[in-house]
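To keep things clear, I will list the structure first and then write my remarks on it.
Only heavy atoms go into these numbers, but all of them, side chains included; no hydrogens, no water, no symmetry mates. Numbers for residues simply follow the sequence, beginning at 1.
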Amino acid sequence: MNKIRTSANGAPVDVKKRHIILDALRGFALLGICLANYPEFSLYTFLQPETVEALPSYGIDLVTKYFLYVFIDGKFYTIFSLLFGVGFSIILENNKRRGVNGTLVFYRRMFALLIIGFLHLMLVWSGDILMLYALVGMLLPLFYKRKDKTILIWASGFLILPVIIDFVCQFTSIYMSAKLVEWEGLLADSYGISDKGYAFWLRDAQSYGDVFKFLVMGSVERLSEFVDGNRYFKVAGLFLLGFLVGRHRLYERLEECNERIRTLAYIFLGVGLPLSVLYAWSAVTGKPWGLGAHSSLYFGSVYVTGFGYVMAFCTFYISCKNGKVWKILAFPGRMALTDYIGQSFIGMWLFYGIGFGIGASVGLFITEMIALGVFWLEVVVSALWLGMFRYGPLEWIWRCVTYKRFFSLLNSSKR
């Protein structure tokens, strides 16, 4: 039972056969996600403008905000979504070689992820992305046998559609999330969470019951964010692009594509970063050109820069494969699910009243320094854990449920 073997329920990729470039990229994405999410954990995002301006760190916080919009916002979730699509292709091909129904295995995997995401959303953090990944991921098998051109057309359509929808919303003043926003307001009123007290509710929470009220309201707000941001279309498009990368196993052919990858990195970053500056200005100043123009800037900056990051990352990897940085980033990359949810628990512990309660009192710059510290803590803990165990704790549970088998958690050298 301890060995990876063919069975009716399939089997995951052997730990020894993992591709370090994918794990390192996943770790790199986790770093960016931590930097992107912690302003919300620290409650800085919810502070009123006059409160933000009164902070002694206001000047450097403003610079930090522009930095985040230019270099971080959306780019790393783009990478994470691409890697999800790559993982889908690996699961299907891995089980196909074993003569197993890879689609059934994948659906079990998505259902398990859906449960994990729901628990994360309702009990820990209302900014969860896992539920959306699971639900959108369930559509991927529909494209498994489609031609590359067909998948590329669908992916492009999914990514462009939000821009079209936002222009329509702008000119018609019809917003699909209106009912969800109304529902969120009713919940906030019933719990006594006012607009001015929004940022301080979690900081002042004296019990988990208070936190849970906010999470219930926050789950509705999260749904409205997905609708307003057309996130399901964006995720679907990125999943499909990642699936194409995985289908052609480009992560195994980096050296033969080196020159092309390097050229694309220059092009994508050369186009994406200047547009990201405009996108940052639009975001910070309240979208003065309108929702449609802001959505267009998102499309031209976030995706293009995110793709550029991947290309540049691969270029550096090719030039120094034996560098220690890849192994360092691969540690949290191999435990991405555990570390993603771990970031939420640490954020709750640091910033909410049921923990240290420092939320709503630290500026954005300090928040990002804390986020960097959290990520490096996860690097160390992941390295120590994987020195003894084959999988992260949540990854192990996820695998056992997916393949309906018990896998030994201990490394073979420890048994």
Side-chain angles (χ1 to χ4, degrees), residues 1-31 33-34 80 83-84 86-88 90-95 97-98 100 102 104-120 123-125 128 130-131 133-134 137 326-346 348-349 374-415:
M1 188 69 73
N2 292 337
K3 294 181 180 180
I4 304 297
R5 57 178 175 79
T6 303
S7 75
N9 296 314
V13 176
D14 194 319
V15 174
K16 295 179 181 178
K17 295 181 180 179
R18 296 182 69 97
H19 295 86
I20 191 170
I21 181 62
L22 297 180
D23 287 330
L25 260 174
R26 199 173 288 110
F28 180 57
L30 272 175
L31 168 59
I33 287 169
C34 191
F80 215 69
L83 290 170
F84 188 98
V86 174
F88 166 62
I90 292 175
I91 290 172
L92 288 182
E93 291 302 321
N94 179 48
N95 286 286
R97 287 195 300 270
R98 290 177 164 88
V100 175
L104 182 59
V105 171
F106 182 76
Y107 276 126
R108 280 203 302 266
R109 186 171 178 82
M110 289 303 96
F111 183 75
L113 185 64
L114 181 66
I115 299 301
I116 294 171
F118 177 76
L119 294 175
H120 182 227
L123 302 179
V124 185
W125 187 48
D128 173 77
L130 300 178
M131 275 191 68
Y133 272 27
W326 317 121
K327 293 181 179 179
I328 291 172
L329 289 173
F331 286 128
R334 286 175 56 189
M335 291 177 49
L337 179 61
T338 297
D339 284 335
Y340 171 73
I341 292 182
Q343 289 173 5
S344 300
F345 277 104
I346 295 172
M348 178 187 286
W349 177 63
V374 169
F375 176 75
W376 286 113
L377 173 64
E378 290 189 320
V379 169
V380 173
V381 172
S382 296
L384 293 174
W385 179 275
L386 292 171
M388 297 182 290
F389 303 103
R390 300 175 66 191
Y391 313 108
L394 288 181
E395 284 75 14
W396 177 68
I397 294 171
W398 197 14
R399 278 165 170 75
C400 289
V401 172
T402 296
Y403 295 99
K404 299 173 68 175
R405 291 170 47 198
F406 176 82
F407 294 94
S408 176
L409 185 58
L410 277 175
N411 277 328
S412 57
S413 60
K414 302 294 180 181
R415 293 202 296 268

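Side-chain contact between I116 and I397 is absent, with no heavy atoms from C-beta onward closer than 4.5 Å. Taking 4.5 Å as the limit, every side-chain heavy atom of L329 sits out of range of all side-chain heavy atoms of D23. Side-chain contact check for L30 versus F80: some heavy-atom pair is nearer than 4.5 Å. At a threshold of 4.5 Å between non-hydrogen side-chain atoms, the residues I33 and F375 do not count as touching. No side-chain heavy atom of I21 sits less than 4.5 Å from a side-chain heavy atom of W326. Contact annotation: the side chain of V401 never approaches that of I115 to less than 4.5 Å [non-hydrogen atoms, C-beta and beyond].
Between the SG atom in C34 and the CD1 atom in I346 there is a gap of 8.0 Å [rounded to 0.5 Å]. Note that CZ of F407 and OH of Y391 are 6.0 Å apart. Values are rounded to the nearest 0.5 Å. Taking CZ of R334 as the reference point, atom CD1 of I20 lies at 9.5 Å (rounded to 0.5 Å).
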Please assess R390 against L410 for the test side chain to side chain contact (heavy atoms under 4.5 Å, CB included), listing each intermediate value before the final yes or no.
CA-CA 6 Å; R390 300 175 66 191; L410 277 175; over 6 Å; no

Start with the C-alpha gap between I91 and T402, add the side-chain angles, then the distance that decides, and say whether side chain to side chain contact (heavy atoms under 4.5 Å, CB included) holds.
CA-CA 11 Å; I91 290 172; T402 296; over 6 Å; no

The test is side chain to side chain contact (heavy atoms under 4.5 Å, CB included); show your working for Y340 and D128 and say whether it passes.
CA-CA 10 Å; Y340 171 73; D128 173 77; 4.2 Å; yes

Passes side chain to side chain contact (heavy atoms under 4.5 Å, CB included), F406 versus W396? Steps please.
CA-CA 9 Å; F406 176 82; W396 177 68; 3.2 Å; yes

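Between V124 and M348, the closest heavy-atom pair is O-CE, 3.2 Å. When every heavy atom of G392 is checked against every heavy atom of L386, the shortest pair comes out as N-CD2, 4.3 Å. Across every non-hydrogen atom of E378 and G342, the tightest pair is OE2-C, 3.8 Å. In terms of heavy-atom proximity, Y403 sits nearest to V105 at CE2-CG1, 3.5 Å. L130 approaches G117 most closely through the heavy-atom pair CB-CA, 3.7 Å. The two atoms that bring S382 and D339 nearest to each other are OG-OD2, 2.9 Å, heavy atoms only.
Environment of OH in Y107: crowded, with over 12 heavy atoms of neighbouring residues, nucleotides or ligands closer than 6.0 Å.
Annotation: cation-pi geometry satisfied between R109 and W398 (NZ/CZ under 6.0 angstrom from ring centroid, within 45° of ring axis).
E395 places a side-chain N or O within 3.5 Å of a backbone atom of L337 that can act as its donor or acceptor partner.
Between W385 and F389, the two ring planes are tilted [angle within 30° to 60°].
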